[in-house]
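Residue numbers start at 1 and run along the sequence shown. What you see is a predicted model; the values in this text were computed from it and never measured.
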Amino acid sequence: MAEAIVSGVFERLTSISLQVAENGVRLVVGVNEEVKKLGTTLRTIRAVLADAEKRQVKEQAVKLWLDRLQNVAYDIEDLLDEWSTAVIRSKIEESQSSFRLRSLQPFANSIPRLVGRRGIATKIKELSESLQVIAKEKDDFAFIVNLSRNDDIEPERPKTTCFVDASEIRGRDQDKNTIISMLLSENGQERGIPIISIVGMGGIGKTTLAQIVYNDREVNAYFQKKLWVCVSDPFDEMRIAKAILEALTGIPSGLGELNTVLEKIHESIVGKKFLLVLDDVWTEDERKWQSLKCCLKSGASPGSKILVTTRKENVATVMGCTRLFHLGNLSEEECWSLFSQVAFSGWNHGARQILADIGKKIADKCNGLPLAAKTLGGLLRFKKSREQWQRILDSNMWELDEAETGLFSPLLLSYYDLPAPLRQCFSYCAIFPKGYKIEKDLLIKLWMAQGFLGDGNGMEIVGEEYFDNLAMRSFFQEFETDENDDGIIRCKMHDIVHDFAQLLRKRECYVVASNGIEEQRAEWYHESARHLRVILDNEQAVIPSLLYNAKKLRSLLVDSCPSNSSTLNASLPRLFDELTCLRMLDLSNNRFRRQTSITELPCQIGKLIHLRYLSLEGNKGLKQLPTTLWDLCNLQTLNIRLCSSIQRSLFIAEGLINLRHLQNAETYGCTSMTFGLKRSTLLQTLEEFVVGNLFAEDWGQIFKEPEVDRSNLGDLGNFAHLRGNLKIIGLGDVSRRSDAEEAGLWKKTGLRNLTLSFNSMYKGKRVLEGAYAHESSVLEALQPPPYLESLNINRMNGPTAFPSWMVSLTMLKRVRLWACFNWKTLPPMWKLPVLEHLEIWEMKNVKEVGQEFMGAETEKGQASSSSSVNNNIAFPSLKHLKFQSMDDWQEWYYGHLLTTMPLLCSLKINSCLKLKSLPRHLLQKTTLQVLDIFDCPILTERYSRNGTGEDWHYISHIPTITIDGEDVKREGN
């Protein structure tokens with residue numbers, strides 16, 4: 001991990017030196033020489049870090065040296081950040097735009113200025129001297145110099161064989177049968193040799209499963225030849241080829257050319273049905289595997305198979321895997337069986353019974369990982385007292401020396417196989433509690449805040465790639481996916497993997513719970529502490545006093561009980577005064593949603609000049625943000641979701657030049673927005689944009705100046721890189737089509753979900769006849785980008801609107817239309833080719849739904865639109881349809897197309913009081929699995945099952961029927 005930090009500092013030093021030169025910043029005499037000296041020393045140290053990282057596992061002195069180096073590197077990085085911030089601030093001050101509010105100047109002037117040039121120069125000299133001391137110490141260890149910058153670290157890798165004692169295996173019978181079934185199946189239409197890959201994290205039992213399958217009687221009888229090769233890393237084509245040839249012939253090969261060896265392999269396998277097991281494959285370089293693969297493919301007889309074990313899903317893909325098998329954890333019972341088999345080996349029955357209860361709790365800590373069960377079982381086998389077993393139960397896994405050398409060894413192989421930047425990304429996950437559901441988007445933002453993803457425009461893309469890489473290598477599990485695109489949105493870490501991450505960060509990352517009853521123990525505190533989560537569990541809990549001394553913290557997350565809001569509010573000014581190195585600050589109130597924890601954010605927040613990530617989510621009593629916040633020029637993410645009491649205007653000042661993500665959903669008190677940041681190439685997330693309509697006197701009351709350059713709808717055009725979700729509120733106040741055109745939504749190709757709300761932010765607005773005629777024109781001009789997946793249109797007050805661009809949205813899967821009170825008909829939604837979910841709410845003037853919505857043919861029998869994949873199909877992809885609160889709706893006609901809603905599986909009708917019946921053609925579809933009718937008295941009577949429902953027989957075949965909240969029971973059920 002030190003390698004990644006030192007490399008990052010070196011690159012930052014180079015970048016800032018260029019930045020200073022480009023901006024013409026004059027430096028104190030001698031600073032240039034110190035900077036050059038610092039860079040040279042960093043380069044020298046970096047050349048030995050690969051060897052040092054490898055040796056720290058077994059050499060405590062090396063580990064301590066790396067810890068000292070890492071601490072100094074952090075200090076240098078903080079200093080460089082101060083320097084960079086000073087340059088940015090001076091540049092902002094020189095180029096302040098005319099729209100900067102004069103009333104903000106006193107606040108800006110009240111913030112203590114950054115360390116002056118002379119102060120920075122002094123610090124650079126001091127840190128350079130500290131680094132030189134560490135550089136000299138490296139010579140005492142005789143490290144191997146790696147000038148090629150090859151980061152590969154190769155811990156000792158165990159060699160595997162095909163031999164296994166099947167009687168010692170627990171809980172893999174079903175997995176074994178599944179793999180054997182794959183091996184014994186005919187190849188069918190598959191071209192070449194089927195390749196089956198067993199994928200899973202280190203220690204999960206991939207090799208063991210391959211061994212028991214390899215030695216199975218059915219497998220022995222089916223294959224004429226079986227070959228086992230431990231591949232490991234690096235992937236040596238010649239060694240592997242010779243191993244295969246030796247297994248085929250029984251004679252060691254003395255051949256020196258790869259081609260000759262492959263020819264001999266080809267001769268030996270022709271006409272034979274063989275099984276080749278390639279165990280522990282790591283390489284993702286397809287070229288290294290290609291020659292051997294072609295040789296095996298050309299000589300294989302039908303029925304031959306290749307079985308691969310790997311920790312990395314990418315490996316399976318590169319090798320041309322035809323069947324992928326993810327190996328899971330053992331069940332609790334199976335894990336206990338394996339643990340007790342090892343731990344109680346040689347024990348009598350009475351001794352077992354005494355410790356069985358505590359043994360089961362220890363086995364639970366293994367969380368189904370076989371290696372953990374065997375390691376802890378072996379550790380306890382010779383410990384006979386209950387106190388010894390209790391110590392193991394009470395300990396964190398990463399605190400046990402035995403676990404570090406035994407249990408974590410396989411994980412170290414996976415860890416050192418990661419590129420250096422990914423190692424620190426993985427270990428940072430120790431900041432989350434064990435068993436925590438980690439949000440992918442949040443994790444990437446936190447990585448970004450710590451500088452793990454570089455400093456370019458594509459940091460989020462790099463973060464996505466890093467996350468996918470870690471997921472593919474089995475560092476994450478239990479994935480939750482987005483129902484729209486199957487992308488991962490949340491995941492967990494296996495408990496043992498989390499313990500391993502804590503081991504890697506054991507002097508940096510802490511979780512502290514304070515209950516306010518007893519003095520907080522100081523054992524968590526260490527001068528090198530960088531990342532901390534504080535849990536205040538009750539109203540007596542207070543911020544631990546030692547926290548104020550942890551001045552080098554980079555991450556602070558506070559989980560506060562709602563009852564002690566006053567305590568937390570009182571603590572914040574001092575926290576901000578002392579913890580000025582913070583890059584990530586999470587004061588969100590997600591854990592306790594009953595009431596707010598923070599009512600005021602103190603102005604001292606402006607001292608956190610390094611801050612990149614700030615979350616205030618869920619603090620519903622927070623009414624305003626201090627103006628000092630806008631001077632945090634390094635801030636990348638500001639999360640104020642659910643801060644529903646923030647009043648009137650939200651001002652985003654020009655000082656936030658690095659702001660990339662403004663997460664402001666459900667800030668209901670905000671009635672307008674103002675962007676001092678007029679044009680940004682960085683802003684990517686803007687969850688809600690409010691088109692304001694404040695009275696001039698209200699505006700003046702807030703900013704003490706009436707001439708404010710307020711943002712209007714057209715200002716969205718300044719943010720070209722918006723992506724994800726966008727909700728535009730207050731479109732009822734937009735009267736000019738040109739404003740909507742200037743917003744340029746169609747250019748924002750990263751948008752996936754769009755909400756257009758035609759409400760008015762001016763509650764006293766008088767409704768005049770014809771006042772809403774402009775809405776259709778504005779909607780037409782708000783053309784979304786072509787890749788939009790979800791669209792929500794609400795509160796339109798004009799006539800029914802269906803913009804021309806709607807049918808061009810070929811990726812549109814979800815649509816919700818609601819509260820368009822003056823619509824008398826529904827738009828022709830049947831034309832949307834990939835629409836899967838459709839909801840229509842509160843269309844109070846719609847009396848009938850007919851051909852305009854369901855689809856109609858022309859006189860010649862052709863559909864009236866050519867946009868659908870098949871012109872004779874209406875709603876070709878629709879699966880879920882819902883109508884709710886349609887007060888005047890009475891009739892629903894089926895339409896006249898040959899096929900309508902062929903994939904419909906769910907139909908829900910709620911609070912449609914006058915609706916007389918449902919189209920029989922829809923009800924009789926065999927695809928329909930769910931029918932839900934609620935608060936529809938006529939329908940309830942018509943489709944009831946009590947003998948009086950005249951149309952019960954039309955719906956009786958539907959598997960799930962719910963009427964007025966009750967499941968309808970069928971006869972015989």
Side-chain angles (χ1 to χ4, degrees), residues 1-15 39 41-57 62-63 65-74 76-77 80 131 134-135 138 143-155 202 233-234 282-285 311-312 314 408 411-431 443-444 446-456 458-459 461-473 475-476 497 500-501 503-509 530-531 554:
M1 196 162 61
E3 199 281 337
I5 296 169
V6 171
S7 296
V9 169
F10 181 79
E11 292 167 7
R12 189 78 195 278
L13 181 64
T14 304
S15 172
T41 309
L42 284 169
R43 190 182 295 109
T44 302
I45 291 175
R46 194 163 66 154
V48 303
L49 285 179
D51 187 43
E53 294 265 19
K54 176 182 177 180
R55 287 170 54 181
Q56 70 167 326
V57 178
V62 174
K63 183 171 181 58
W65 179 81
L66 282 173
D67 286 344
R68 291 198 301 276
L69 170 62
Q70 193 163 290
N71 288 330
V72 173
Y74 277 136
I76 294 173
E77 189 175 35
L80 294 178
L131 193 65
I134 291 173
K138 75 175 174 32
F143 291 126
I144 297 172
V145 178
N146 181 11
L147 295 176
S148 66
R149 299 297 309 126
N150 184 350
D151 297 333
D152 290 344
I153 301 172
E154 300 176 11
D233 193 43
W282 290 76
T283 185
E284 297 180 36
D285 188 347
R311 305 179 185 198
K312 301 154 68 175
N314 280 352
F408 293 144
L411 296 178
L412 277 170
L413 292 177
S414 293
Y415 175 72
Y416 284 126
D417 184 62
L418 293 171
L422 264 73
R423 292 177 206 155
Q424 57 182 351
C425 287
F426 161 69
S427 62
Y428 186 77
C429 296
I431 199 169
L443 182 59
I444 291 173
L446 299 187
W447 286 343
M448 191 166 65
Q450 298 300 322
F452 299 158
L453 308 181
D455 56 4
M459 288 188 284
I461 296 174
V462 173
E464 292 264 359
E465 293 172 354
Y466 282 7
F467 181 92
D468 291 343
N469 202 325
L470 291 171
M472 289 287 190
R473 294 166 184 257
F475 284 102
F476 298 136
V497 177
F500 178 59
L503 170 68
L504 297 171
R505 294 266 185 179
K506 65 181 178 181
R507 293 197 176 187
E508 285 191 15
C509 188
R530 305 286 172 173
H531 312 288
R554 292 180 158 220

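Residues passing the side-chain hydrogen bond (donor to acceptor under 3.5 Å, both in side chains) test with T283: none are found, sequence neighbours excluded. Checked against salt bridge (Lys or Arg N to Asp or Glu O under 4.0 Å), E284 has the following partners two or more places apart in sequence or in another chain: K312, R473. Applying the salt bridge (Lys or Arg N to Asp or Glu O under 4.0 Å) rule to D455 yields no partners; only residues at least two apart in sequence or on another chain are considered. With sequence neighbours left out, the side-chain hydrogen bond (donor to acceptor under 3.5 Å, both in side chains) criterion links K138 to no other residue. Taking R311 as the reference, nothing meets the salt bridge (Lys or Arg N to Asp or Glu O under 4.0 Å) condition, with sequence neighbours excluded. For F143, the ring pair (Phe, Tyr, Trp, His ring centres under 6.0 Å) criterion is met by W65, F141, not counting sequence neighbours. The side-chain contact (heavy atoms from CB on, under 4.5 Å) test applied to M472 returns E313, N314, not counting sequence neighbours. With sequence neighbours excluded, the residues that form a salt bridge (Lys or Arg N to Asp or Glu O under 4.0 Å) with D285 are R287. In this view, R68 and E137 satisfy the side-chain hydrogen bond (donor to acceptor under 3.5 Å, both in side chains) rule, not counting sequence neighbours. Taking the side-chain contact (heavy atoms from CB on, under 4.5 Å) definition, one finds that E77 meets it with V9, Y74, R554, R583, sequence neighbours left out.
At least one side-chain heavy atom of L42 sits under 4.5 Å from a side-chain heavy atom of L131. Residues I444 and L453 are in side-chain contact: their nearest non-hydrogen atoms beyond the backbone lie under 4.5 Å apart.
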Quiz item: Stepwise, does the ring pair (Phe, Tyr, Trp, His ring centres under 6.0 Å) test hold for F467 with F476?
Solution: CA-CA 9 Å; F467 181 92; F476 298 136; 5.0 Å; yes
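How far CG of L503 is from OG of S427: 10.5 Å, rounded to the nearest 0.5 Å. Going from atom CD1 of I45 over to atom CG of L69 covers 5.0 Å, rounded to the nearest 0.5 Å.
The backbone N or O of F452 lies less than 3.5 Å from no partner atom in the side chain of W447, so there is not a single donor-acceptor pair.
Under the 30°/60° scheme for interplanar angles, the aromatic rings of Y415 and F500 are found to stand perpendicular.
Checked by atom type, the side-chain pair N71/R507 shows no donor-acceptor distance below 3.5 Å.
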